[in-house]
There are 2 protein chains.
Amino acid sequence: MSSVNLKRLAQELNLSISAVSKALRDSHEIAVDTKERVRALARELRYEPNPHASSLRRQKSKTIGVVIPEVANSFFSLVINGIEEVARHNGYHVLIYLTHEDHTREAAIAQYLANGRVDGILMSVASESADFAHLQELKNKNIPIVFFDRVCEEMATVRVTTNDFESGYKATQHLLEAGCRRIAYLLISEHLSIGQKRMQGYQQALEDHAIPFDANLIVSGHQSNEHNRMLIQQLLETQKVDGIFASVERLAISSYEACKALNLSIPGDVKIIGFSNLEIASLLDPPLTAIKQPAYAMGREAACILFTALDKNRALTASQSLVLNSELIERKSTARN
Amino acid sequence: MSSVNLKRLAQELNLSISAVSKALRDSHEIAVDTKERVRALARELRYEPNPHASSLRRQKSKTIGVVIPEVANSFFSLVINGIEEVARHNGYHVLIYLTHEDHTREAAIAQYLANGRVDGILMSVASESADFAHLQELKNKNIPIVFFDRVCEEMATVRVTTNDFESGYKATQHLLEAGCRRIAYLLISEHLSIGQKRMQGYQQALEDHAIPFDANLIVSGHQSNEHNRMLIQQLLETQKVDGIFASVERLAISSYEACKALNLSIPGDVKIIGFSNLEIASLLDPPLTAIKQPAYAMGREAACILFTALDKNRALTASQSLVLNSELIERKSTARN
DNA sequence: CTGTTAGCGCCTTCAT
DNA sequence: ATGAAGGCGCTAACAG
């Protein structure tokens, strides 16, 4: 650590440390030419303020924590892009934490973020998070936190979500209008609000079309894609199913795989629609009819809300919540059958 | 900030700050029962040491920086997973920075990481990085840095890479053996070593099969997928091409799109092979024959090398570099034509 | 305009 | 076995 710090600059310039500090922060109480001299040397020596010292002193880190279930997934990848973009623009740094859908991990992460390491948190809760004491804890410590997509229903906090009920309704309606009568609904975890809301939309659509709800057509997936594919195959074999609505991307893909494995033709025997942001899904044959969430925008919006709160030292209130619209994307098949 | 800190604990326990500090670090010079008392209260008050104070004092942050071109890409997503996994295991935190393939951003990031914010860096260089002064700067400041996948050829540093020449060779050979004679090679940037090495493998394979190299069949892509698809379409329209070898995932996908747009049948008119880690590529019809990099493992390995160096205070030497093997994955088409 | 001083919270000698 | 003191590098209040 040959570290060039304020002391070093001060020595070389025959100035006091605080004068140098002020000069670099462009304080009005420092002579213009002095500022120039200071800045010149700082540039020459490539001075960079020590962020830890600065954070310690100012009680803020200019860093946020992003807590998400996973990243190997187009939705969260895009979200990170949005967040990083805004963070960079506002001079914030981004720490990333993956829960792998594990409630214990999420709690542990929350625990050690509650010590000043970050000024705020952006979070999409893990699917198993039924117990949210750890989140309440963060709230108590006054750490601003913005939930996005997978929110914690039990807490009154800022949320950036999409119109889950509505898009669930539309997706189901889409299948119904395409002639489906036995539509399966696939979700990832019963504890997740998005799964619930989308399902409510699904149920409402069924009801509006006078189709009876059948609990046998609801499948709750798990971690392993392999396992999920099995579950879906089992469903297709034991139940009469002519449509599948997958409430997350992975399940939509597993549905495709399951149909393929069973030699079911996809638009013919079973129609599939799923939440997905995968560009490549449009190249499938038939292309995956998808509900596409504005992932990048969600990341940006969530980050913006957090940063303005942080920079203006304003508290976050649930009223700042935002609901963005997901889009139903249907593409024509180029099937040559 | 009602922050519970050492002082607070010390007061409540009628101990000195240093005693508490030592107790929490399980020092042998503190009585066992005292330690117990301290730990009990710490747990009760949910004490977490202030990381900035600690970093400042110890001159290390237990944080690493990950600098990558982008994240909306299956390769880097998987890498992040691997890194986060190892980081968490070793008690490190992960800051993430995206260059968006922009050399200026990369330099700026390097600049402000060179101040103690991170103990080390994992990096995949931006495609435009012809000039690497900023990387040399980090080297000079003794910030350990491990390059992975996209390395900086001009510096003697630790690298975690894949067998690019070899896999380039194999991919090309695969197409040649499938009967291709006019194989296009798509790369993302001339400045990138991976693009070069894979191309060398491509050229060697051509030579070994006595196929002349044709510079017209080399296409260098850019940022926009849209633009790349156009370039490829143009290539397909102006040149006789019966095979495409895409050296990055995005270009493989764009190739698919281009063929579709031109109504070229994919195994028939043009065979495509590409570097890709997308699971869903197996569902395309025909499935994308892919060179799959061990992305997750690369992230883990790179992180491991960095952490052991950091924790043992050992310098990184180029000799610790690692070359992992990519796998050629061919799947049978289920085409019903 | 510039300098002095006093911490931020933690860790580490050194003394008791 | 415990405590006192100094300092990591920076900032902010207050003097001069």
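Per chain, numbering begins at 1; letters A, B, ... match sequence-line order. On a predicted model such as this, the values are computed, not experimentally measured, just so you know.
The CG atom of B:Leu56 sits 8 Å away from the C1' atom of D:dC10 (whole-angstrom rounding). Atoms CZ (A:Arg117) and P (C:dC10) sit 13 Å apart, rounded to a whole Å. The nearest whole Å value for the distance from the NE2 atom in A:His52 to the P atom in D:dG9 is 11 Å. The NZ atom of B:Lys60 sits 16 Å away from the P atom of D:dG9 (whole-angstrom rounding). Straight-line distance from the CG atom of B:Leu24 to the C1' atom of D:dT2: 15 Å, rounded to whole Å. Put simply, CD on A:Gln59 is 6 Å from C1' on C:dC8, counting in whole angstrom units. Nucleotide C:dG7 holds its P atom 20 Å from the CG atom of A:Leu6, rounded to whole Å. Per the geometry, CD1 belonging to A:Ile17 stands 12 Å off P belonging to C:dT5, to the nearest Å.
Between B:Ala53 and B:Ser16, the residue whose closest nucleotide on DNA chain D is further toward the 5' end is B:Ser16. Position along DNA chain C of the nearest nucleotide to B:Arg58 versus A:Thr34 favours A:Thr34 as the more 5'-ward residue.
Heavy-atom distances under 4.0 Å link DNA chain C to no residue of residues 39-47 of chain A.
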For nucleotides 14-16 of chain D, which of its nitrogen or oxygen atoms have a protein nitrogen or oxygen under 3.5 Å away, and what is each distance?
none

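When heavy atoms are screened at a 4.0 angstrom cut-off, A:Ser55 is found touching no nucleic acid atom at all. Within the nucleic acid shown, A:Ser18 comes within 4.0 Å of at least one base atom, counting heavy atoms only. In this structure, B:Leu15 reaches the sugar-phosphate backbone alone: every heavy-atom distance under 4.0 Å involves primed, P, OP1 or OP2 atoms, never a base.
Under the side-chain contact (heavy atoms from CB on, under 4.5 Å) criterion, A:Thr104 pairs with A:Asp102, sequence neighbours left out. Judged as a side-chain contact (heavy atoms from CB on, under 4.5 Å), and not counting sequence neighbours, the contacts of B:Ser54 are B:Arg58. In this structure, the side chain to side chain donor-acceptor pair (under 3.5 Å) partners of B:His93, at least two apart in sequence or on a different chain, are A:Tyr97, A:Arg117. For B:Ser18, the side chain to side chain donor-acceptor pair (under 3.5 Å) criterion is met by B:Ser16, not counting sequence neighbours.
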Considering only distance and modelled atom types, tabulate donor-acceptor pairs under 3.5 Å from the side chains of residues 299-316 of chain B, sequence neighbours left out.
from     : atom 1 : to       : atom 2 : distance (Å)
B:Thr308 : OG1    : B:Cys304 : O      : 3.1
B:Thr308 : OG1    : B:Ile305 : O      : 3.1
B:Asp311 : OD1    : B:Tyr92  : OH     : 2.8

Taking distance alone, no hydrogens or angles, what donor-acceptor pairs closer than 3.5 Å link side-chain atoms of residues 67-87 of chain B to residues at least two apart or in another chain?
from    : atom 1 : to       : atom 2 : distance (Å)
B:Asn73 : OD1    : B:Phe75  : N      : 2.7
B:Asn73 : OD1    : B:Phe76  : N      : 3.2
B:Ser74 : OG     : B:Glu249 : OE1    : 2.6
B:Ser74 : OG     : B:Glu249 : OE2    : 3.0
B:Ser77 : OG     : A:Ser77  : OG     : 3.2
B:Ser77 : OG     : B:Val71  : O      : 3.0
B:Ser77 : OG     : B:Asn73  : O      : 2.9
B:Asn81 : ND2    : B:Ser77  : O      : 3.4
B:Glu84 : OE2    : A:Leu98  : N      : 2.9

Quiz: residues 27-40 of chain B side-chain donor-acceptor pairs under 3.5 angstrom, not counting sequence neighbours:
from    : atom 1 : to      : atom 2 : distance (Å)
B:Ser27 : OG     : B:Glu29 : N      : 3.1
B:Lys35 : NZ     : B:Asp26 : OD1    : 2.9
B:Lys35 : NZ     : B:Ser27 : O      : 3.1

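Within the 4.5 Å cutoff, side-chain heavy atoms of A:Leu24 are placed close to those of A:Leu9. Side chains of B:Arg46 and A:Gln111 form a contact here, defined as non-hydrogen atoms less than 4.5 Å apart.
Of the candidates D:dC10, C:dT12, C:dG9, the closest approach to any side-chain atom of B:Asn50 belongs to C:dG9.
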